[in-house]
Structures are given as C-alpha cells and as structure tokens.
Trainee: 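This is the structure I have questions about; it appears just below.
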Number of protein chains: 2
Amino acid sequence: MDTQTQAFFEARAQIMKSLAHPTRLFMVDELSRGERCVCELTEMVGVDMSTVSKHLSLLKSAGIVADEKRGMQVYYRLKTPCVLRFFDCVGEVMIQKMQELTHLTSGR
Amino acid sequence: MDTQTQAFFEARAQIMKSLAHPTRLFMVDELSRGERCVCELTEMVGVDMSTVSKHLSLLKSAGIVADEKRGMQVYYRLKTPCVLRFFDCVGEVMIQKMQELTHLTSGR
DNA sequence: TGCGTACTTGGCCAAACCGCCAAATAGTGT
DNA sequence: ACACTATTTGGCGGTTTGGCCAAGTACGCA
C-alpha cells in the first residue's frame with residue numbers, strides 16, 4: 001500500500017472515527033432534527049459539558065457539524081446531512097445479525 | 001438518555017467502529033472488487049498476517065464481511081455491500097473540507 | 001503418520017481515547 | 001469594573017486499540 005493510498009484511507013478513517021462513538025451518534029441523530037446548543041445536548045446525554053464540547057469539536061473538525069455563536073449559546077447543526085444515509089445501511093447490518101441469531105437458536 | 005436508547009447507539013457505534021481504521025477501510029474497498037483470502041490481503045496491506053486476521057474477525061463480528069474456508073485458504077467477502085454507499089458521503093465531507101481550506105488560503 | 005501451509009489466538013507494550021475536574025475564555029447584564 | 005453564564009481547554013487516570021511475536025489449530029498432501 002503506497003503512501004498516497006494510505007493517506008487517502010487515513011483521511012477516510014478519521015471521518016468514520018468521528019462517528020464511532022455512541023454519544024456522538026446520539027448527538028448527530030438529535031441534530032438531524034434541528035440545531036441544538038451545547039447545554040441542550042449536555043442535558044440530553046447526561047455527561048459533563050466539557051465532554052460534550054469535546055465530542056462536538058471532534059465532529060466539527062471532521063466536517064460533520066458546524067457551529068455558530070448566537071446570544072449566549074453556541075448552536076451546532078448538521079453540516080453534511082448525507083451521513084444520515086449511513087444509518088439505513090447500519091440498520092440492514094443489524095437486522096442481518098439478528099436474523100442469524102434467530103437461525104442459530106431455532107436449531108440449525 | 002435511557003438505557004434502551006443507549007444500547008441502540010452503542011450497537012450502532014460498534015458497527016461504525018469496525019469501519020474506523022485505515023487498514024480495515026482498505027480491505028473493505030478491496031473486497032468490494034471480489035473475495036480475497038487472508039494471505040492476499042496481508043501482502044497488500046503490508047502488516048503481519050495476525051494483525052490482518054484480527055482486523056477481519058472484527059469486521060466479521062460486526063457483520064460487514066463473511067468468511068469461507070476453501071482449500072487451504074480462508075476467503076473473505078463483503079456481506080453488506082451497502083457500506084460502500086457510506087463513502088460517497090465521506091467523499092462529500094472531504095471535498096467540503098478542502099473547499100474551506102481553499103477559501104481560507106485565498107485570503108478571507 | 002508426520003510435514004508444511006494458512007490462519008487464528010494469546011500476550012505484551014505503546015499509543016489513542018474518554019471521562020471527570022479545574023481553570024481559562026468570552027460575552028451579558030449591572 | 002464585577003459578577004454570572006455558556007463554552008472551551010488542559011491535564012490526569014483508567015480503559016481500549018493496534019501492532020508484533022510466539023504458540024496453537026486445522027487442513028492438505030506425501
């Protein structure tokens with residue numbers, strides 16, 4: 001694997017990584033229904049605000065979300081809504097896994 | 001965030017995590033062009049075969065690939081090709097990031 | 001049966017990740 | 001200027017991840 005190919009998949013991986021955490025996935029899901037400020041998200045996920053802030057800045061540097069300060073709050077919104085399409089496929093994967101489990105337990 | 005919601009996003013995250021590594025992304029890409037045995041992939045990525053094997057078993061337990069022993073080799077194939085659709089969007093994200101960089105450097 | 005090839009598993013170590021707390025920053029209102 | 005609120009940043013400890021090496025397993029073939 002040459003250096004350029006490696007760099008390409010490295011870049012791809014960084015974006016995937018930003019979506020590889022339950023809290024961040026929850027926030028993306030929430031943001032798919034409209035913009036939210038850090039404090040709102042903090043209350044919903046139930047961890048320290050500093051943690052939420054770090055998750056958001058990670059998503060931001062990955063290019064998934066954008067932020068805008070308005071009044072006293074910072075509002076985050078989904079910048080590339082196409083990520084939502086991911087989850088249709090993720091759903092398919094989950095369904096397939098469950099079906100295999102069913103086959104196993106129904107004796108085969 | 002209640003327990004059930006948490007479990008849901010945890011499951012989703014596990015699948016995303018399995019795709020959040022350059023080597024695994026490279027292998028998925030390669031498998032999109034047909035099945036490959038462990039030894040072929042090992043040679044392509046250029047790390048230890050044990051490492052490749054672990055990456056593959058991770059992808060397998062995530063439900064992304066399936067394996068089949070045939071002759072002396074174990075062949076892996078893409079089980080849920082829909083993951084490839086992810087990367088269209090990942091491409092969009094990357095392009096947007098590059099455009100922003102261009103705007104910055106062209107003085108604004 | 002015994003050898004070689006293909007692969008997997010276990011163990012170890014270094015690096016990355018995630019949570020919290022505390023401190024810094026920035027903007028609001030008095 | 002001062003206090004207050006919303007958010008970010010720095011730093012620390014515990015857990016997870018990713019690589020290699022060595023050992024184990026499984027199968028094909030002489």
Side-chain angles (χ1 to χ4, degrees), chain A residues 1 3 5-7 9-28 30-31 35-77 79, chain B residues 1 3 5-7 9-28 30-31 35-62 64-77:
Chain A
M1 186 158 41
T3 319
T5 312
Q6 190 155 4
F9 285 103
E10 202 98 37
R12 190 173 269 194
Q14 207 181 344
I15 293 170
M16 298 306 288
K17 253 188 251 188
S18 78
L19 292 166
H21 190 282
T23 299
R24 292 196 290 270
L25 287 173
F26 174 85
M27 294 194 301
V28 166
E30 188 56 33
L31 292 179
E35 58 178 21
R36 303 278 184 272
C37 69
V38 183
C39 53
E40 285 171 321
L41 291 169
T42 297
E43 196 181 357
M44 283 187 265
V45 304
V47 298
D48 200 87
M49 183 181 280
S50 67
T51 304
V52 171
S53 174
K54 278 176 189 170
H55 281 309
L56 286 167
S57 87
L58 205 155
L59 284 170
K60 183 182 164 189
S61 67
I64 309 288
V65 303
D67 63 334
E68 187 191 348
K69 186 153 202 170
R70 215 158 56 235
M72 210 135 47
Q73 285 97 11
V74 176
Y75 285 90
Y76 280 84
R77 65 183 171 79
K79 194 172 154 194
Chain B
M1 183 158 44
T3 319
T5 312
Q6 189 155 3
F9 285 104
E10 203 97 38
R12 191 172 268 194
Q14 208 180 340
I15 294 170
M16 298 305 289
K17 251 187 253 189
S18 77
L19 292 167
H21 189 282
T23 299
R24 293 195 290 271
L25 288 173
F26 174 83
M27 295 194 301
V28 166
E30 188 55 33
L31 292 178
E35 59 178 21
R36 300 281 185 272
C37 69
V38 183
C39 52
E40 285 171 321
L41 292 168
T42 297
E43 196 181 357
M44 282 187 265
V45 304
V47 299
D48 200 87
M49 184 181 279
S50 68
T51 304
V52 170
S53 175
K54 279 176 189 169
H55 281 308
L56 286 167
S57 87
L58 205 156
L59 284 170
K60 183 182 164 187
S61 67
I64 309 287
V65 302
D67 63 335
E68 187 194 347
K69 185 155 203 169
R70 217 162 52 237
M72 211 133 52
Q73 285 98 12
V74 177
Y75 285 91
Y76 281 84
R77 65 183 171 78

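Per chain, numbering begins at 1; letters A, B, ... match sequence-line order.
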Trainee: Can you name the residues that form a side-chain hydrogen bond (donor to acceptor under 3.5 Å, both in side chains) with B:S57, not counting sequence neighbours?
Mentor: none
Trainee: Just verifying a value: how many Å separate A:M49 CE and A:C39 SG, rounded to the nearest 0.5 Å?
Mentor: 5.5 Å
Trainee: Quickly work out the B:K17 NZ to D:dT16 C1' distance and round it to whole Å.
Mentor: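 It is 8 Å, rounded to the nearest whole Å.
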Trainee: Would you check, one step at a time, whether the test side chain to side chain contact (heavy atoms under 4.5 Å, CB included) holds for B:R36 with B:R77?
Mentor: CA-CA 7 Å; B:R36 300 281 185 272; B:R77 65 183 171 78; over 6 Å; no
Trainee: I want to check one thing: is the phosphate of D:dA6, taken as OP1 and OP2, less than 4.0 Å away from some side-chain N or O of A:Y76?
Mentor: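 For A:Y76, the contact criterion (side-chain N or O under 4.0 Å from OP1 or OP2 of D:dA6) is not met.
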Trainee: Please report the distance, rounded to the nearest Å, between CD in A:Q73 and P in D:dC4.
Mentor: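 That distance rounds to 18 Å.
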Trainee: For B:Q14 and C:dC17, give me the distance from atom CD to atom C1', rounded to whole Å.
Mentor: 16 Å
Trainee: Between atom CZ of B:F26 and atom CZ of A:R12, what is the distance when rounded to the nearest 0.5 Å?
Mentor: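 Taking CZ in B:F26 and CZ in A:R12, the distance rounds to 11.5 Å.
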Trainee: Measure the distance from CD on B:E43 to C1' on C:dT5 and round it to the nearest whole Å.
Mentor: 15 Å
Trainee: Atom CE of B:M27 to atom P of D:dG18: distance rounded to whole Å?
Mentor: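 Answer to the nearest Å: 11 Å.
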Trainee: Could you tell me if the side chain of A:M27 sits less than 4.5 Å from the side chain of A:V45, heavy atoms only?
Mentor: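 Yes, side chains in contact.
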Trainee: To the nearest Å, how far apart are B:Q6 CD and C:dG19 C1'?
Mentor: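 Interatomic distance, CD of B:Q6 to C1' of C:dG19: 13 Å.
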Trainee: Looking at A:H55, I'd like to know whether one of its side-chain N or O atoms comes within less than 4.0 Å of OP1 or OP2 on C:dC17.
Mentor: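 So the side chain of A:H55 is outside the cut-off, no N or O lying under 4.0 Å from OP1 or OP2 of C:dC17.
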Trainee: With sequence neighbours left out, write down each residue that passes side-chain contact (heavy atoms from CB on, under 4.5 Å) with A:K69, or none if nothing qualifies.
Mentor: A:V74
Trainee: Filter on salt bridge (charged side-chain N to carboxylate O under 4.0 Å, His left out), then keep only pairs touching residues 50-66 of chain A, sequence neighbours left out; what's left?
Mentor: A:K60-A:D67
Trainee: Mind checking the CD-CD spacing from B:E30 to B:E35? Nearest 0.5 Å is all I need.
Mentor: 12.0 Å
Trainee: Rounded to whole Å, please give me the gap between CG in A:L56 and C1' in D:dT7.
Mentor: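 After rounding, the gap between these two atoms is 10 Å.
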Trainee: Can you name the residues that form a side-chain hydrogen bond (donor to acceptor under 3.5 Å, both in side chains) with A:E68, not counting sequence neighbours?
Mentor: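 Per chain and number, A:E68 pairs via side-chain hydrogen bond (donor to acceptor under 3.5 Å, both in side chains) with A:R70.
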Trainee: Between the opening five pairs and the closing five pairs of the helix from C:dT1-D:dA30 to C:dT30-D:dA1, how far apart are the helix axes, to 10°?
Mentor: 20°
Trainee: Could you tell me how far apart B:D67 (CG) and C:dC7 (P) are, to the nearest whole angstrom?
Mentor: 11 Å
Trainee: Please encode protein proximity along nucleotides 20-30 of chain C as a string of B, S and -, counting only heavy-atom distances under 4.0 Å.
Mentor: BBB----SS--
Trainee: Below 4.0 angstrom, which residues in residues 35-42 of chain A have at least one non-hydrogen atom near DNA chain D?
Mentor: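 Heavy-atom contacts with DNA chain D come from A:C37, A:V38, A:C39.
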Trainee: For A:S50, which residues count as a side-chain hydrogen bond (donor to acceptor under 3.5 Å, both in side chains) partner, sequence neighbours excluded?
Mentor: A:D48
Trainee: Side chain to side chain contact (heavy atoms under 4.5 Å, CB included) between A:L31 and A:V65: does it pass, once the steps are laid out?
Mentor: CA-CA 9 Å; A:L31 292 179; A:V65 303; 3.8 Å; yes
Trainee: Heavy atoms within less than 4.0 Å of DNA chain C: which residues of residues 19-26 of chain B have one? Give them sorted by number.
Mentor: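 Within this stretch, nothing sits under 4.0 Å of the strand.
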Trainee: Taking side-chain hydrogen bond (donor to acceptor under 3.5 Å, both in side chains) as the cut-off, I'd like each qualifying pair that reaches into residues 13-28 of chain A, sequence neighbours left out, listed once.
Mentor: A:R24-A:H55
Trainee: Checking A:A11 now: which residues fulfil side-chain contact (heavy atoms from CB on, under 4.5 Å) with it, not counting sequence neighbours?
Mentor: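 Partners of A:A11 by the side-chain contact (heavy atoms from CB on, under 4.5 Å) criterion, ordered by chain and then number, come out as B:M94.
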Trainee: Who passes side-chain hydrogen bond (donor to acceptor under 3.5 Å, both in side chains) against A:T51, sequence neighbours left out?
Mentor: none
